[in-house]
2 protein chains.
Amino acid sequence: MSLDHAILGFLAERERSGYDLKTRCFEGAASAFWSADQAQIYRTLERLSRGKAVKSRTRRQSGRPDRRLYEITPIGRQQLDAWVECPHPLPPTRDPLLLQLGFSGDLDDPELREVLAAARLEHQSKLDALRVHATNQSSDTSLGERTTAVRLLALNGAMATQRAAIDWLDDSIELLEDTSSGGARRKGRRIGRR
Amino acid sequence: MSLDHAILGFLAERERSGYDLKTRCFEGAASAFWSADQAQIYRTLERLSRGKAVKSRTRRQSGRPDRRLYEITPIGRQQLDAWVECPHPLPPTRDPLLLQLGFSGDLDDPELREVLAAARLEHQSKLDALRVHATNQSSDTSLGERTTAVRLLALNGAMATQRAAIDWLDDSIELLEDTSSGGARRKGRRIGRR
DNA sequence: CCCTTGTATATGAGTTGTCCTATATTTGTC
DNA sequence: GACAAATATAGGACAACTCATATACAAGGG
């Protein structure tokens, strides 16, 4: 599964503890691509360890709990490379908003608008977060030039998806306003600047 | 979870068997919003049945296996309505392609292009399927006008996402061609028609 | 006549992901 | 001084989802 490879990918950069992975990786830019529960991270590390894809050593710390630092092994590196270089099928779509909207035939326009507007807000804040991540990624010189480039490509992809969702929601909301309130019709498309 | 509500939604239209749900619903237009395994459908029907949200009766058939026809109960109807009318948080992002791309710093341009091109193809065929579903939906008069309208809105949303992915992939692939092959530089953006 | 496909339901076993809780210590806030 | 938050790892219980298999019969093709 993908979480294995996500973790291998992060460990390929440098050695990390489970806590590092949770706070610095899966709550940072990577959260735009993949999210992972803390419990799942530790369990996956354990599993990868059993499969000899990573190995760990314990670093004693005074005052704080000991850290288990994990690093990738040649076996893990090989698994990561194999996964990275070959295309994978798209996962099946599971979009609760589209599902909900498809069953909203009994809602009136204001109710529908509320649902869409809420989704719009969420997509907007995701987009905002992505912009921050992209800025951080650009100024991060700790990873190679090439790695930075592909990270930015991926962030662009994530942003494109969010923008598409926002535009679609705007169009849909506008459509509802035109047909329902019957009132002041508002012409002209929104001008960008999301 | 959403599958419960998806099934309730379909049963709200008319009574159906598990097989109907699988073949006519989750392999049709709904596959664009939510996919479900056959085993999961039957088990969910059983669970909904225990929760009194649906009830079933067995219709004997000659030659073929008996069908268990499920219909939604007032309790189920209430659960569906409650779910449909209130906004829900976006699920966490889990995009294997973005993840893979983010870790592709060690791939050369042709390898990267191959991965992106494969994804493009998949998004394209998803978009094609969506167009077919939209056409079918438009000409389907069995559901109310309002229901048809929201279904089309949802299909538009799904198509917008696919188009955004395709455009982003095209841009990314083009970028790779410009920087790597060094050869004939190709100017001007692709002109629509996806 | 066999084999596949379609119709129809269901279970067993496994993976993946979520939520809650436990443990232990330091630092910072009210 | 009490209480929360950060640092750090881990297990139990459960929910959601996948894959394979079992059962049963009819129709149609080779």
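First the proteins, then the strands, lettered A, B, ... as listed; each starts at 1. Heavy atoms only: backbone and side chains are in, while hydrogens, waters and symmetry mates are out.
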Length of the line joining B:Asp20:CG and C:dA8:P, which is rounded to integer Å: 7 Å
To the nearest angstrom, how far is A:Asp37 atom CG from D:dA10 atom C1'? 12 Å
Without decimals, in angstroms, what is the distance between B:Arg59 CZ and C:dT9 P? 12 Å
Look at atom CD of A:Glu114 and say whether more than 12 heavy atoms of other residues, nucleotides or ligands are closer to it than 6.0 Å. no
Just checking A:Thr44: base, sugar-phosphate only, or nothing, at a heavy-atom cut-off of under 4.0 Å? nothing
Between A:Trp34 and A:Gln38, which residue's closest nucleotide on DNA chain C lies nearer the 5′ terminus? A:Trp34
Does the side chain of A:Arg68 get closer than 4.0 angstrom to OP1 or OP2 of D:dT9 through an N or O atom? no
If you compare every side-chain N and O of A:Tyr42 against the phosphate oxygens of D:dA10 (OP1, OP2), does one of them come in below 4.0 Å? no
Separation of D:dC17 atom C1' from A:Arg94 atom CZ, nearest Å, is 7 Å
Find the distance B:Asp4:CG to D:dA16:P and express it as a whole number of Å. 7 Å
Taking C:dT18, D:dT9, C:dT7 as options, the one with an atom nearest any side-chain atom of B:Tyr19 is C:dT7
For D:dT7, does either OP1 or OP2 sit under 4.0 Å from a side-chain N or O belonging to A:Thr23? no
Cluster link A:Leu69 to A:Leu45, ILVMFWY, side chain under 4.5 Å: no
If you look at every strand shown and take non-hydrogen atoms under 4.0 Å, does A:Glu46 touch a base, only sugar-phosphate, or nothing? nothing
Any side-chain N or O of B:Gln40 under 4.0 Å from OP1/OP2 of D:dC17? yes
In whole angstroms, the gap separating C1' of C:dT7 from CG of B:Leu21 amounts to 15 Å
State whether the distance check finds a donor on one side and an acceptor on the other, under 3.5 Å, for side chain A:Arg43 versus base C:dT15. no
When you get a sec, tell me which of D:dT18, C:dG17, C:dT18 is the closest nucleotide to the side chain of B:Pro92? C:dT18
Give a yes or no on whether a salt bridge exists between B:Arg77 and A:Asp106, defined as a side-chain N under 4.0 angstrom from a carboxylate O. yes
Output, in order, the C-alpha distance, side-chain angles, deciding distance and verdict of salt bridge (charged side-chain N to carboxylate O under 4.0 Å, His left out) for A:Glu122 and A:Lys126. CA-CA 6 Å; A:Glu122 295 217 44; A:Lys126 261 204 176 178; over 6 Å; no
Are any of the side-chain nitrogens in A:Asp108 or B:Arg146 under 4.0 Å away from the carboxylate oxygens of its partner? no
What is the separation between atom CZ on A:Arg67 and atom P on D:dA8, rounded to the nearest whole Å? 5 Å
Nearest-Å distance for atom pair CZ/C1', residues B:Arg16 and C:dT7: 17 Å
Starting at the 5' end of DNA chain C and moving along, which residue's nearest nucleotide shows up first, A:Ala39 or B:Leu69? B:Leu69
